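Keep in mind that what you see is a predicted model, and the values were worked out from it rather than measured. Note that ligands are numbered from 1 as they come in the structure, with each ligand's atoms numbered from 1 the same way.
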Amino acid sequence: MAQEIALYIHIPFCRQKCGYCDFVSYAGREAEVPAYVSALKQEMGLRGKGQRVRTLYFGGGTPSLLCPPDVAEILSAARSHFDAPEDAETTLEANPGTIDGPYLASIRDAGINRLSLGVQRLNDGELRLLGRLHDEGEAREAVRLARQAGFTNLNLDLIYGIPGYGLPGAALESWQATLREAVALGPEHLSLYSLTLDEGTPLHDAVADGRLPAPDPDAAAQQYEFAEDFLDAGGYRHYEISNWSKEGFECRHNLVYWKNEPYLGIGVAAHSYVDGRRLANTSDIAEYITAMAQGRTAIVQDEEIGPDLDLSETVILGLRLVEGIKYTDLWRRFGIDSLRRYRRQVRELLQAGLLESDGTFLRLTRRGRLLGNEVFWRFLPGNQGEDQGEEDG
Ligand code: SF4
């Protein structure tokens with residue numbers, strides 16, 4: 001039977017780079033969109049072998065810079081090279097200010113049934129600080145237009161942990177205002193990301209030369225905790241460290257990643273996990289387009305994922321889920337002894353109050369969710385060898 005996969009399609013174009021952006025995206029190169037769309041179709045022809053597709057996801061970049069006929073053509077290529085049912089969850093990331101009513105109606109007709117809006121904040125000063133092109137009015141309007149176009153599965157991306165301009169309490173208050181307003185817009189799904197400042201981004205430079213205060217991790221933790229309580233009270237189920245949804249509206253595509261199941265990434269810089277191998281395409285768009293025109297793949301990294309690394313990644317990704325890892329799922333996939341090598345780590349993390357177990361699931365505690373990285377590194381392959389010696393010796 002053909003392998004079941006999630007299909008990711010990377011659209012690397014943006015109107016302008018945001019101040020914190022470290023993604024593979026190019027500003028001001030929209031003239032290359034037609035060649036890129038042809039290359040995507042070519043790659044699907046090369047790598048599509050009738051695999052059953054569970055979900056499709058247009059990520060970016062700004063996929064809403066694609067015109068509706070391009071979206072329709074890419075979906076049609078996906079359906080001819082893969083076994084992709086019409087009702088599969090099909091998400092497109094869109095930025096407010098790049099979409100209008102007719103656009104949304106057309107992409108919905110083309111087969112997009114889930115929209116993810118990069119709202120980030122509902123405050124013009126903060127949107128400017130982040131270097132976003134849209135304003136809060138356009139963000140609200142985008143939600144209204146999406147509903148009017150018939151979208152019933154809507155995600156809003158928000159960012160917390162933004163410096164509060166030096167005013168005591170301002171960062172928290174402003175975050176609370178954004179979150180309250182976002183919930184009032186009634187999305188089915190919310191993704192909340194902490195602002196991270198990667199080297200080489202304008203916001204990182206502004207903090208480095210003192211033009212902006214550095215983000216405060218304690219303030220970010222406080223904002224995250226507020227979100228946990230507020231969204232819980234508002235009827236959203238917290239199902240992954242950074243994600244909340246109304247019942248039944250979890251992002252099925254991202255669940256494939258968190259369950260460490262197979263996915264295929266099409267496009268520049270796209271990553272895949274198929275047939276036990278992790279693959280990455282070139283991050284150079286010219287190289288990608290040339291490779292496709294010559295009828296060859298653009299894979300520049302190809303790593304076999306051995307059983308140790310597979311187990312490690314499955315545990316780390318599974319712990320991102322709020323329900324945690326189901327012991328029986330792990331046993332079925334890796335054998336009954338699979339957690340044995342982590343016995344010491346698990347015991348210590350349980351004692352430290354970062355993990356909890358109810359006998360069916362092993363999961364992060366509320367405090368563990370704030371300190372996830374401190375938990376995850378304990379499950380990396382280098383660390384398990386040391387403990388395996390102790391337990392097995
Ligand atoms: S819209 Fe997204 S991908 Fe594009 S520059 Fe901004 S953060 Fe980066």
Side-chain angles (χ1 to χ4, degrees), residues 8-33 36-37 40 57-67 70-71 91-100 103-104 107 112 114-143 146 154-163 178 182 189-207 212 215 220 242-243 251 253-254 265-271 280-285 288:
Y8 174 84
I9 300 156
H10 191 66
I11 309 297
F13 303 101
C14 288
R15 292 231 164 105
Q16 169 185 300
K17 273 300 246 193
C18 300
Y20 57 93
C21 180
D22 192 35
F23 303 121
V24 177
S25 68
Y26 308 98
R29 290 176 68 167
E30 279 127 290
E32 291 168 63
V33 169
Y36 187 75
V37 170
L40 289 176
Y57 195 104
F58 288 77
T62 307
S64 51
L65 291 182
L66 290 177
C67 62
D70 283 344
V71 174
T91 303
L92 183 131
E93 291 180 351
N95 280 332
T98 62
I99 48 180
D100 58 19
Y103 179 87
L104 291 169
I107 61 166
I112 303 296
R114 183 174 184 271
L115 203 64
S116 178
L117 290 171
V119 167
Q120 315 311 351
R121 299 294 283 214
L122 287 159
N123 174 303
D124 283 346
E126 289 169 337
L127 287 168
R128 273 196 301 275
L129 174 89
L130 292 170
R132 300 291 303 193
L133 273 175
H134 68 272
D135 61 30
E136 54 179 279
E138 285 171 315
R140 287 192 194 91
E141 180 66 358
V143 174
L154 198 57
N155 169 60
L156 307 186
D157 276 350
L158 301 177
I159 291 184
Y160 63 96
I162 296 178
T178 277
H189 192 283
L190 283 157
S191 297
L192 313 184
Y193 300 108
S194 176
L195 178 66
T196 48
L197 298 183
D198 293 299
E199 242 174 272
T201 60
L203 269 184
H204 177 275
D205 293 348
V207 169
L212 269 184
S242 307
N243 289 277
C251 177
H253 183 84
N254 287 342
I266 297 289
V268 69
H271 286 236
N281 278 352
T282 175
S283 300
D284 181 323
I285 189 167
Y288 175 77

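Within the 3.5 Å criterion, the main-chain N or O of Glu136 finds a donor-acceptor partner in the side chain of Asp124. Remark: the backbone N or O of Val119 is paired with a side-chain donor or acceptor of His134 at under 3.5 angstrom.
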- Under the side-chain contact (heavy atoms from CB on, under 4.5 Å) rule, what do Cys14 and Thr62 come out as? Steps first, then yes or no, please. CA-CA 5 Å; Cys14 288; Thr62 307; 3.2 Å; yes

- Task: Applying side-chain contact (heavy atoms from CB on, under 4.5 Å), run through Arg114 and Cys251 and close with a yes or a no.
- Result: CA-CA 9 Å; Arg114 183 174 184 271; Cys251 177; 3.6 Å; yes

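Closest heavy-atom approach to atom 7 (S) of ligand 1 among the candidates Arg132, Lys17, His134, Gln16: Arg132.
When all heavy atoms of His204 and Leu197 are compared, the pair lying nearest together is CD2-O, 3.5 Å.
At the top of the distance list for atom 3 (S) of ligand 1, counting protein heavy atoms only, stands Gly61 N, 3.2 Å. The protein heavy atom nearest to atom 8 (Fe) of ligand 1 is Cys21 SG, 2.2 Å. Ranking the protein heavy atoms by distance from atom 1 (S) of ligand 1 puts Asn95 ND2, 3.2 Å first.
Within ligand 1, the atoms closer than 4.0 Å to a non-hydrogen atom of Phe23 are 3 (S), 8 (Fe), numbered from 1 in the order shown.
The closest side-chain donor-acceptor pair between Tyr57 and Glu93 falls under 3.5 angstrom.
Among the backbone and side-chain atoms of Cys18, none of the N, O or S atoms lies under 2.8 Å from atom 8 (Fe) of ligand 1. Because the distance cut-off is set at 2.8 Å, Cys14 qualifies as a neighbour of atom 4 (Fe) of ligand 1 through one of its N, O or S atoms.
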